[in-house]
Amino acid sequence: MSQKRFRLHLLPLSKKHRQFPLPRNVVTVCDGVQQPSDATIANLVLESDPLTLSEALFKPTIQWAPELVNKVLKRLWNHGPKALQFFKHLDRHPAYIHCASSFDHAIDIAARMHDYNAAWALVGRMRSLRRGPTPRTFAILAERYAANGKPHRAVRTFLSMHEHGCRQDLNSFNTVLDILCKSKRVEMAHTLLKTFRSRFKLDCVSYNIIANGYCLIKRTPMALNVLKDMVQRGINPTMVTYNTLLKGYFRSNQIKEAWEFYLEMKKRKCEIDVVTYTTVIHGFGVAGEVKKSRRVFDAMVKEGVAPSVATCNALIQVLCKKDSVENAVVVFEEMMRKGLCVPNVVTYNVVIRGFCHVGDMERALGFMRRMGEHGLRCSVQTYNVVIRYFCDAGEIEKGLEMFEKMRDEPCLPNLDTYNVLISAMFLRKKSEDLVVAGKLLMEMVDRGFLPRKFTFNRVLNGLVITGNQDFAKEILRMQSRCGRIVRRLKL
DNA sequence: GTAGGGTTAG
């Protein structure tokens, strides 16, 4: 279709917050009383006996506040049972009442473990305390249903909002559309949009969401149709609309179309923003046109558009993947020196992956250590990358060493960490490795992750072949406990 | 925290 009808709204440049991480394990002083940090409390929860936890949490030295509770919950994110234990113990505190956002976190954690009963019980509890539920609560539930392959339940959750005393408005409607699109149920979202067109006064956001959905599944012609429909209904596109479509062209490998669209945007004197530039830099780089990426980056600076950390990360990643990690590091250092942008965890992860990829594990580890200089902590993703590459190179011991290092931090492993390590335990065909695989499997279940059937069978077979029958039986019992959940969920 | 850009896989 022709883009001639599109009229542009001039938008201010987006100002993304830069990351200023907090020091860890510090004890802040409040009214002369030593107040433990979120890290200290998270460690306490991980280490203490559930029976004595209340006592520790009810100490008057801890001044509970929603921010502190939320930070602790975030730290315990990859240990669902402990996170919920913490939340429930604190729920019985004589003087502290959880706020809505803490309830939302807890509900998210319960739903992520597929425990919808617990999640809805928390919704009931927050309602009885008159702390919600809020539209955000329903967005979280819907998102979990959609992510767990239950898009219809996601929609029903949205439709049931008013039954729980929560108003359905355009914002919450757009949120559910977005959730469906992000879980690739774009047709369903589109149908929903058409169904509720008369009930909600749809805006540009609604249409942008659907167009983006079609772009995500690489159906740019449908995205264009949606935008055409939008314009015909008298809604003007915005910079978000254009950037969405531009990204869509790159995603479906329509590089020529992307370039033409970008030129068209420039020609029409659109106020090309930092997102447009980042999209183009990344898009060309991924397509192997690194020189073009660099030229666009330089043009951007020349035009006076300040690159964001995402822009820098895009260029650095592109150089790592399609040029050389050495050149990427040159850009990294230059950006820091010139103060163009402050590196964040993503920047480091990109560079670390770059070094891992060329087999330079020493420098990868060096950059991990350097993160502290910027007050950054290695994320679980950082560890996953390094563990994966160590294991791929057959250095299983080093992979396990990194896993131990995580434990010391503590940085809780996620599903990927366990999957990578368990797979690695089959490489050396050693009996001890299979016992480790079994232990990892037990640990991940303990922490609220549900291993795939394939993983269970693989570990079980391995243990039986290497003569670890007793351990295999133990795992089998654990599997049947999980099996009840699996059957209920039809996974 | 109603929508668009940067990480983890060859």
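No hydrogens, no waters, no symmetry mates; every other heavy atom, side chains included, goes into these values. Every chain is numbered from 1, with letters handed out A, B, ... down the list of sequences.
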Engineer: Between B/dG6 atom P and A/Y277 atom OH, what is the distance in whole Å?
Structural biologist: 18 Å
Engineer: Report the nucleotide, chosen from B/dA3, B/dG6, B/dT2, that has the shortest atom-to-atom distance to any side-chain atom of A/T175.
Structural biologist: B/dT2
Engineer: Could you state the atom-to-atom distance from OH of A/Y242 to C1' of B/dA3 in whole Å?
Structural biologist: 15 Å
Engineer: Given atom CG of A/L177 and atom P of B/dG1, what is their separation to the nearest angstrom?
Structural biologist: 18 Å
Engineer: For A/S101 and A/D104, test the side chains for any donor-to-acceptor distance below 3.5 angstrom and give the result as yes or no.
Structural biologist: no
Engineer: Side-chain donor-acceptor pairs under 3.5 Å in residues 277-285 of chain A, sequence neighbours left out?
Structural biologist:
| from | atom 1 | to | atom 2 | distance (Å) |
| --- | --- | --- | --- | --- |
| A/T278 | OG1 | A/V274 | O | 2.7 |
| A/T278 | OG1 | A/T311 | OG1 | 2.9 |
| A/T279 | OG1 | A/V275 | O | 2.7 |

Engineer: Within the structure shown, what part of the strands sits under 4.0 Å from A/N384 by heavy-atom distance: base, sugar-phosphate, or nothing?
Structural biologist: nothing
Engineer: On the six-membered ring of A/F103, is A/R131 placed so that its NZ or CZ lies under 6.0 angstrom from the centre and within 45° of the ring axis?
Structural biologist: no
Engineer: Look at all strands and tell whether A/T347 reaches a base, only sugar-phosphate, or nothing, counting heavy atoms closer than 4.0 Å.
Structural biologist: nothing
Engineer: Give the nucleotide from the list B/dT2, B/dA9, B/dA3 with an atom nearest to the side chain of A/N174.
Structural biologist: B/dT2
Engineer: Indicate yes or no for a side-chain donor-acceptor contact from A/N148 to the backbone of A/R144 under 3.5 Å, with no hydrogens or angles considered.
Structural biologist: yes
Engineer: Quote, to the nearest angstrom, the C1' distance that separates B/dG6 from B/dT2.
Structural biologist: 22 Å
Engineer: Taking the side chain of A/T311 as heavy atoms from C-beta outward, which of B/dA3, B/dG5, B/dG10 is closest to it?
Structural biologist: B/dG5
Engineer: Return no unless some side-chain N or O of A/R353 is found under 4.0 Å from OP1 or OP2 of B/dG10.
Structural biologist: yes
Engineer: Using only side-chain N and O atoms of A/Y262, determine if any of them is under 4.0 Å from OP1 or OP2 of B/dG5.
Structural biologist: no
Engineer: Check every atom of B/dA3, B/dG5, B/dG6 against the side chain of A/N208 and return the nucleotide holding the closest atom.
Structural biologist: B/dA3
Engineer: For A/K321 and B/dT8, is the shortest distance between a side-chain N/O and OP1 or OP2 below 4.0 Å?
Structural biologist: yes
Engineer: With no hydrogens and no angle check, just 3.5 Å: does a side-chain donor-acceptor pair link A/T244 and A/N212?
Structural biologist: no
Engineer: What nucleic acid atoms does A/Y389 come within less than 4.0 Å of, heavy atoms only: base, sugar-phosphate, or nothing?
Structural biologist: sugar-phosphate
Engineer: How close or far is atom P of B/dA3 from atom CZ of A/F200, stated in whole angstroms?
Structural biologist: 16 Å
Engineer: What is the distance, to the nearest angstrom, from the CZ atom on A/F332 to the P atom on B/dG6?
Structural biologist: 19 Å
Engineer: In terms of side-chain heavy atoms of A/S308, which of B/dG6, B/dA9, B/dG5 is nearest?
Structural biologist: B/dG5
Engineer: How would you list, by chain and number, every residue that makes a ring pair (Phe, Tyr, Trp, His ring centres under 6.0 Å) with A/F390, sequence neighbours excluded?
Structural biologist: none
Engineer: Would you indicate whether the side-chain heavy atoms of A/R199 and A/F173 approach each other to under 4.5 Å?
Structural biologist: no
Engineer: Assess the side chains of A/T175 and A/D178: does a donor N or O sit below 3.5 Å from an acceptor N or O?
Structural biologist: no
Engineer: Just the rounded figure in Å: distance from P of B/dG6 to CE of A/M335.
Structural biologist: 15 Å
Engineer: Test for a donor-acceptor pair under 3.5 Å between the base of B/dG1 and the side chain of A/D104, counting only N and O atoms.
Structural biologist: no
Engineer: Rounded to the nearest Å, what distance is computed from the CE atom of residue A/M230 to the C1' atom of nucleotide B/dA3?
Structural biologist: 11 Å
Engineer: Is A/K201 near enough to B/dT2 that one of its side-chain N or O atoms lies under 4.0 angstrom from OP1 or OP2?
Structural biologist: no
Engineer: Could you tell me whether A/D178 contacts a base, only the sugar-phosphate backbone, or nothing, with contacts defined as non-hydrogen atoms closer than 4.0 Å?
Structural biologist: sugar-phosphate
Engineer: Ignoring the backbone of A/Q381, work out which of B/dG1, B/dT8, B/dG5 is nearest its side chain.
Structural biologist: B/dT8
Engineer: Please work out which residues in residues 282-295 of chain A have a non-hydrogen atom less than 4.0 Å from an atom of DNA chain B and list them by number.
Structural biologist: A/H282
Engineer: Rounded off to whole Å, could you give me the CZ-to-P distance for the A/R136 and B/dT2 pair?
Structural biologist: 8 Å
Engineer: How far apart are the closest heavy atoms of A/K266 and A/E303, and which atoms are they?
Structural biologist: NZ-OE2, 4.3 Å
